[in-house]
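Every chain is numbered from 1, with letters handed out A, B, ... down the list of sequences.
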There are 2 protein chains.
Amino acid sequence: MTARSSSETTRVIPEATVARLPVYLRALTALADAGIRTCSSEDLATAAGVNSAKLRKDLSYLGSYGTRGVGYDVDYLRYQIAREIGVTQDWPVVIVGIGNLGHALANYSGFRSRGFRVVALLDADPERHEEIVAGVPVRPFADLEAIAREHAVAIGVIATPAGSAQDVADQMVAAGITSILNFAPAVISVPDGVDVRKVDLSIELQILAYHEQRKAHEHARVDADDHGAAALAVGGDA
Amino acid sequence: MTARSSSETTRVIPEATVARLPVYLRALTALADAGIRTCSSEDLATAAGVNSAKLRKDLSYLGSYGTRGVGYDVDYLRYQIAREIGVTQDWPVVIVGIGNLGHALANYSGFRSRGFRVVALLDADPERHEEIVAGVPVRPFADLEAIAREHAVAIGVIATPAGSAQDVADQMVAAGITSILNFAPAVISVPDGVDVRKVDLSIELQILAYHEQRKAHEHARVDADDHGAAALAVGGDA
DNA sequence: TAGATTGTTAATCGATTAACAATC
DNA sequence: TAGATTGTTAATCGATTAACAATC
């Protein structure tokens, strides 16, 4: 009996699709809050900011939860996506590094409302161990393993400076954490089987700057060409 | 004379490459800080967390800045990438929404060090207009257009609740801002020519939760199969 | 039945990767 | 020259899109 022989069919959902499922979930929640019971793929796609072909293709990886000629039942589809993502269950989370960003993350209401429960805030600085942030006391970083084991924490958030990120990641892995959300501006390496996602504020701004610069060049180039055309017209008179 | 006739060759850099250039820039800065003057594509790829084939392919879109048999001059390559991204120049930025996250963003040192200068903090709440955050006074949201025009702001950051995001985006566009970094958990629509990037904290966690859940299922499945095999062995004795 | 809309197919597009000729 | 490493090619892979048969 091999793992492959299991009765459960392992659907493989493309990574690009996985990344959009939470967007659909949020859009469905907004529709439900607006009292809408049924929607077409076109409606939902608009609410989620994608085109309807992509939405239908994405949903097709989960199953057939719509009705041809009718559309989707908002609550039903919402539940199916939530179940697929795993947000119908509770996910204990620890945040390491309680500076400005750590504070903001600890206070972020969007976590708790989606099943993420901040069970501990950790910081290496003893000065911070008096603090209570968002109702949770800040504890020494050394307590990580005990806390992670006690609460069966699977997800850790790194909000430390870049220099500490790898060490924190190593300790998280040692404590049995297998998913890491890294806000530190540093590349961290982890063993196979551990997932890391990276959010980098200054990288996002730099990507925008690149496009902004291209727009500026494009305008300058068009302007220069306009002047060229004008000069040519004037030159014709000379 | 058409725009296409311009002497400047418009290199098209793939979006996936653009998103990695800031990562390379940061890795090169780290190498330079460590006193390293020259590096191979393998060295830099390791520092950036990608494979060397991808790195070389990415750099090839910018030009030929390496030396075969030798590698890359760290400072030279760093300058070329910085120029390509546009971070050799100064980018005035406004942040709208000075809650927990807005505070953290205003205080984030990684912005200023990369040429992003926070010229104004704006908030709709009059209670906040007394505050000074990171040396910058919080001003009324109504001042957006005047400030944006005065400082030629091209990039705006939205750190408001979801409900205000579209309105803020509209006002930003009206004020001449053409790049928006949106932290609000909402889809915003903008006219053509305006770039939007979205950072969504809870979506990142949900993506991790999906993979975490799959790992848990995988383990449960393998365990079940193991038990199945054990039962089969026992069954053979019955 | 007629109209509407899904789920799927197939074509296209873009990104990744390995391999290696070019060349220092 | 011999060894090292880039820049490029070509193959592969994955994601997107349009179109439409299936079906409510």
| task | Scan B/Glu42 against the nucleic acid and name what it touches under 4.0 Å (heavy atoms): base, sugar-phosphate only, or nothing. | result | nothing
| query | What's the CG-P distance between B/Asp58 and C/dT17, to the nearest Å? | reply | 11 Å
| said: Using side-chain heavy atoms (C-beta onward) and a distance below 4.5 Å, is B/Tyr61 in contact with B/Val12? | reply: no
| How is A/Ala16 classified with respect to the nucleic acid when contacts are heavy atoms under 4.0 Å: base, sugar-phosphate, or nothing? | sugar-phosphate
Check the interface with nucleotides 21-24 of chain D: list each N/O to N/O pair with the protein under 3.5 Å, or write none.
from   : atom 1 : to      : atom 2 : distance (Å)
D/dA22 : N3     : A/Arg68 : NH1    : 2.9
D/dC24 : O4'    : A/Arg68 : O      : 3.3

| task | Considering non-hydrogen atoms only, spot the tightest contact between B/Ser179 and B/Val194 and give its length. | result | N-CG1, 4.5 Å
| Length of the CG-P vector between A/Asp43 and C/dA4, whole Å | 14 Å
| task | Establish, with yes or no, whether the OP1 or OP2 oxygen of C/dT16 is under 4.0 angstrom from a side-chain nitrogen or oxygen of B/Arg56. | result | no
| message | On the nucleotide D/dG7, are OP1 or OP2 found under 4.0 Å from the side-chain N or O atoms that B/Tyr72 carries? | response | yes
| message | Tell me whether the side-chain N/O atoms of A/Ser41 come closer than 4.0 Å to OP1 or OP2 in C/dT5. | response | no
| query | For A/Leu55 and C/dG7, what is the distance between atoms CG and P respectively, to the nearest whole Å? | reply | 10 Å
| field | Stems where DNA chain C pairs, listed by first number, each of three or more Watson-Crick or G-U pairs under 3.5 Å | value | C:3-24 with D:3-24
| field | A/Leu44 CG - C/dT6 C1' separation (whole Å) | value | 13 Å
| task | Could you tell me whether the side chain of A/Val18 reaches within less than 4.5 Å of the side chain of A/Glu84, counting heavy atoms only? | result | no
| query | Any side-chain heavy atom of A/Val190 sitting closer than 4.5 Å to one from A/Met172? | reply | no
| note | Here the distance between atom C1' of D/dT6 and atom CG of B/Leu77, to the nearest Å, is 12 Å
| field | Euclidean distance, B/Leu62 CG relative to B/Ile13 CD1, rounded to 0.5 Å | value | 5.0 Å
| request: Step by step, work out the side chain to side chain donor-acceptor pair (under 3.5 Å) result for B/Glu15 and A/His211. | output: CA-CA 10 Å; B/Glu15 198 50 42; A/His211 292 294; 3.0 Å; yes
| Start at the 5' end of DNA chain D and walk down; is the nucleotide closest to B/Lys57 or to B/Cys39 reached first? | B/Cys39
| Would you say the side chain of B/Pro185 lies within less than 4.5 Å of the side chain of A/Tyr108, judging by non-hydrogen atoms? | yes
| query | To the nearest Å, how far apart are A/Ile13 CD1 and D/dA15 P? | reply | 12 Å
| task | Respond yes when some side-chain nitrogen or oxygen of B/Asn51 is under 4.0 Å from OP1 or OP2 of C/dT16, and no when none is. | result | no
| message | Just so I know, are the side chains of B/Val118 and B/Arg112 near enough to count as touching, which here means a heavy-atom distance under 4.5 Å? | response | no
| How close or far is atom C1' of C/dA10 from atom NZ of A/Lys54, stated in whole angstroms? | 18 Å
| Hey, does the side chain of A/Lys215 reach the backbone of B/Thr178 with a donor-acceptor pair shorter than 3.5 angstrom? | yes
| task | Evaluate the criterion ring-ring contact (aromatic ring centres under 6.0 Å, His included) for residue pair A/Tyr76 and A/Tyr79; output intermediate values, then yes/no. | result | CA-CA 5 Å; A/Tyr76 179 62; A/Tyr79 171 75; 7.7 Å; no
| field | Rounded interatomic separation in angstrom, taking CZ from A/Arg20 and C1' from D/dA15 | value | 8 Å
